[in-house]
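Predicted model only: the values in this text are computed from it and were never measured.
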2 protein chains.
Amino acid sequence: MARWEPNARGRLEDAALDLFTERGYDKTTIAEIAQRAGLTERTFFRHFADKREVLFGASNPLLGVLTDAVAAAPTDTPPLDAVAAALDSAAAVLQERRSYARRRQAVITANEELLERELVKLAVLAEGLATALRSRGASAAEAAVAAETGIALFRAAYASWLAADDTADLAECLHSAFATLRTLAR
Amino acid sequence: MARWEPNARGRLEDAALDLFTERGYDKTTIAEIAQRAGLTERTFFRHFADKREVLFGASNPLLGVLTDAVAAAPTDTPPLDAVAAALDSAAAVLQERRSYARRRQAVITANEELLERELVKLAVLAEGLATALRSRGASAAEAAVAAETGIALFRAAYASWLAADDTADLAECLHSAFATLRTLAR
DNA sequence: TAGGTGATGTCAGTGTCTGACATCGCTTAA
DNA sequence: TTAAGCGATGTCAGACACTGACATCACCTA
């Protein structure tokens with residue numbers, strides 16, 4: 001028999017999302033999360049840098065998806081199109097977990113602190129996109145503008161996707177946002 | 001003689017920026033800030049919701065500048081142009097306090113927590129811009145995309161302005177970012 | 001079989017932030 | 001003129017987030 005139950009990190013994530021949903025982020029202490037996961041408070045902080053991070057551990061993979069997709073785009077693809085393609089890949093990943101995304105987003109939008117952390121994660125994605133674009137030969141200015149714009153459109157699309165009914169498609173929301181931008185920027 | 005020295009809030013802001021610059025945000029306690037301002041820790045929290053907020057109290061006025069400028073733009077101005085004009089007004093405000101902005105930004109960029117708060121403030125500005133655009137007749141989608149895009153460009157422009165030498169002009173950086181976008185979105 | 005490794009536990013802090021109540025110059029109304 | 005109330009501040013106690021130092025002990029490896 002193993003000394004510890006496996007997947008401590010995952011148990012903490014599950015316990016946290018459950019408790020946050022049940023009684024809210026503020027009203028949940030780390031001791032309670034740890035207890036539900038059968039661990040101690042100190043162990044929580046060995047897996048997550050702070051209380052918020054327990055909700056954002058899964059957002060790291062998206063960075064890889066985005067940069068890979070940018071790198072994989074044909075060399076002659078214009079920057080904004082490469083960004084659009086990358087966001088499409090990310091959209092496919094998220095589309096699969098719509099109900100989880102909804103549940104998680106409900107907790108996040110109910111709390112200012114969590115919103116802050118989400119914005120940081122998106123800014124990190126923007127930075128990653130910009131770096132990937134530069135290594136494809138885009139200028140610093142082009143890369144920054146294309147990446148920031150892409151993430152801005154993603155934010156708008158993500159919000160309308162989650163606000164819409166269950167049949168909505170994130171990729172479609174994204175395409176619609178890009179189309180709107182191209183009209184506005186004409 | 002008045003019972004208290006005047007401008008407690010301003011004294012706290014000054015003391016905080018000084019201490020953050022001297023020894024860093026993390027290494028400064030609220031008790032120290034309060035003491036330098038001749039007040040107590042409890043009073044600090046009556047003026048600012050949390051430790052970070054002492055650096056962001058001055059960013060609220062920008063919201064008014066932006067929404068006023070959008071409202072003041074001629075009715076036939078396209079959304080993205082109205083946003084550009086509004087950001088120009090904000091740029092003029094910031095251009096006057098370049099040295100203060102630099103000092104403050106040095107503290108902010110040195111600390112992840114503070115970066116988070118700054119992103120939230122920018123998101124609030126984006127929300128305000130979108131609301132102002134909608135009340136001018138823009139659709140929800142147009143307003144969201146134009147506002148988010150405008151703030152994204154502002155972020156890029158602000159970064160390059162602060163990175164450049166003392167002769168740089170924020171409005172020019174902004175125009176350059178918009179020009180880059182219009183090229184990319186062609 | 002001895003010793004090292006690594007995830008976890010225990011404990012004692014520091015600092016942020018909050019609620020409850022006290023203080024006391026100043027303002028307002030009788 | 002005075003009593004009552006207001007409002008910015010102080011005092012105090014405490015919950016909770018987060019950290020450093022050290023202990024534990026199943027498991028692996030030489």
Side-chain angles (χ1 to χ4, degrees), chain A residues 1-57 107-108 110-118 120-121, chain B residues 1-57 107-108 110-118 120-121:
Chain A
M1 171 186 153
R3 179 165 184 202
W4 300 291
E5 294 301 310
N7 194 24
R9 186 185 175 93
R11 271 151 52 212
L12 286 168
E13 285 172 345
D14 291 345
L17 185 52
D18 286 348
L19 286 169
F20 292 164
T21 304
E22 283 172 24
R23 67 180 79 161
Y25 176 83
D26 286 332
K27 301 250 168 79
T28 303
T29 69
I30 293 183
E32 290 165 342
I33 298 170
Q35 187 180 18
R36 180 171 293 206
L39 295 164
T40 64
E41 195 178 325
R42 192 65 185 85
T43 298
F44 179 97
F45 285 107
R46 290 207 178 89
H47 286 277
F48 304 100
D50 58 44
K51 184 179 176 183
R52 294 178 252 173
E53 200 62 18
V54 71
L55 275 173
F56 294 91
V107 173
I108 291 175
N111 191 281
E112 188 78 9
E113 289 179 67
L114 294 174
L115 247 163
E116 296 193 359
R117 181 56 53 88
E118 174 155 83
V120 168
K121 294 297 178 179
Chain B
M1 169 186 155
R3 180 164 185 203
W4 300 289
E5 295 301 311
N7 194 24
R9 186 186 175 93
R11 272 152 50 214
L12 286 168
E13 286 173 345
D14 291 345
L17 186 52
D18 286 348
L19 286 169
F20 292 165
T21 304
E22 283 173 23
R23 66 180 81 161
Y25 176 83
D26 286 332
K27 301 251 168 79
T28 304
T29 70
I30 293 182
E32 290 165 344
I33 298 170
Q35 186 179 16
R36 179 170 294 205
L39 295 164
T40 64
E41 194 180 320
R42 192 67 185 87
T43 298
F44 178 97
F45 285 107
R46 289 209 179 86
H47 286 278
F48 304 101
D50 57 44
K51 183 178 177 184
R52 292 177 252 174
E53 200 62 18
V54 72
L55 276 174
F56 294 92
V107 174
I108 291 175
N111 192 283
E112 187 77 10
E113 290 178 67
L114 295 173
L115 248 163
E116 295 194 358
R117 182 59 51 90
E118 173 154 85
V120 168
K121 296 297 179 179

OP1 or OP2 of [N] versus the side-chain N and O atoms of [X]: is any pair under 4.0 Å?
{"X": "Thr40(A)", "N": "dG9(C)", "result": "yes"}
{"X": "Thr43(A)", "N": "dT8(C)", "result": "no"}
{"X": "His47(B)", "N": "dT9(D)", "result": "yes"}

Given [options], identify the nucleotide with an atom nearest to the side chain of [X].
{"X": "Lys51(B)", "options": "dC18(D), dC17(C), dG10(D)", "result": "dC17(C)"}
{"X": "Glu41(A)", "options": "dA17(D), dT8(C), dG10(D)", "result": "dA17(D)"}
{"X": "Arg42(B)", "options": "dC18(D), dC12(D), dC25(D)", "result": "dC12(D)"}
{"X": "Leu39(A)", "options": "dT19(D), dG9(C), dG6(C)", "result": "dG9(C)"}

| remark: Between Asp50(B) and Trp4(B), whichever has its closest DNA chain C nucleotide further toward 5' is Asp50(B)
Over how many whole Å does the gap from [X] atom [atom1] to [N] atom [atom2] extend?
{"X": "Arg9(B)", "N": "dG7(D)", "atom1": "CZ", "atom2": "P", "result": "18 Å"}
{"X": "Gln35(B)", "N": "dT11(D)", "atom1": "CD", "atom2": "P", "result": "12 Å"}
{"X": "Phe44(B)", "N": "dG19(C)", "atom1": "CZ", "atom2": "C1'", "result": "18 Å"}
{"X": "Leu114(B)", "N": "dT16(C)", "atom1": "CG", "atom2": "P", "result": "13 Å"}

With heavy-atom distances below 4.5 Å as the criterion, would you say the side chains of [X] and [Y] are in contact?
{"X": "Phe56(B)", "Y": "Leu114(B)", "answer": "yes"}
{"X": "Leu39(A)", "Y": "Trp4(A)", "answer": "no"}
{"X": "Asn111(B)", "Y": "Arg52(B)", "answer": "no"}
{"X": "Ile33(A)", "Y": "Phe20(A)", "answer": "yes"}

| Short N-O contact, Lys51(B) and Glu113(B), less than 4.0 angstrom | no
| said: Check Glu112(B) with Arg117(A), please: is the shortest side-chain N to carboxylate O separation under 4.0 Å? | reply: no
| Is there a donor on the side chain of Arg46(B) or the base of dG10(D) sitting less than 3.5 Å from an acceptor on the other? | yes
| field | Pair of N/O donor and acceptor under 3.5 Å linking dC27(D) base with Arg3(A) side chain | value | no
| query | How many angstroms lie between CG in Leu19(B) and CG in Asp14(B), if you round to the nearest 0.5 Å? | reply | 11.0 Å
| Residues within residues 20-32 of chain B bordering DNA chain D, heavy-atom distance below 4.0 Å | none
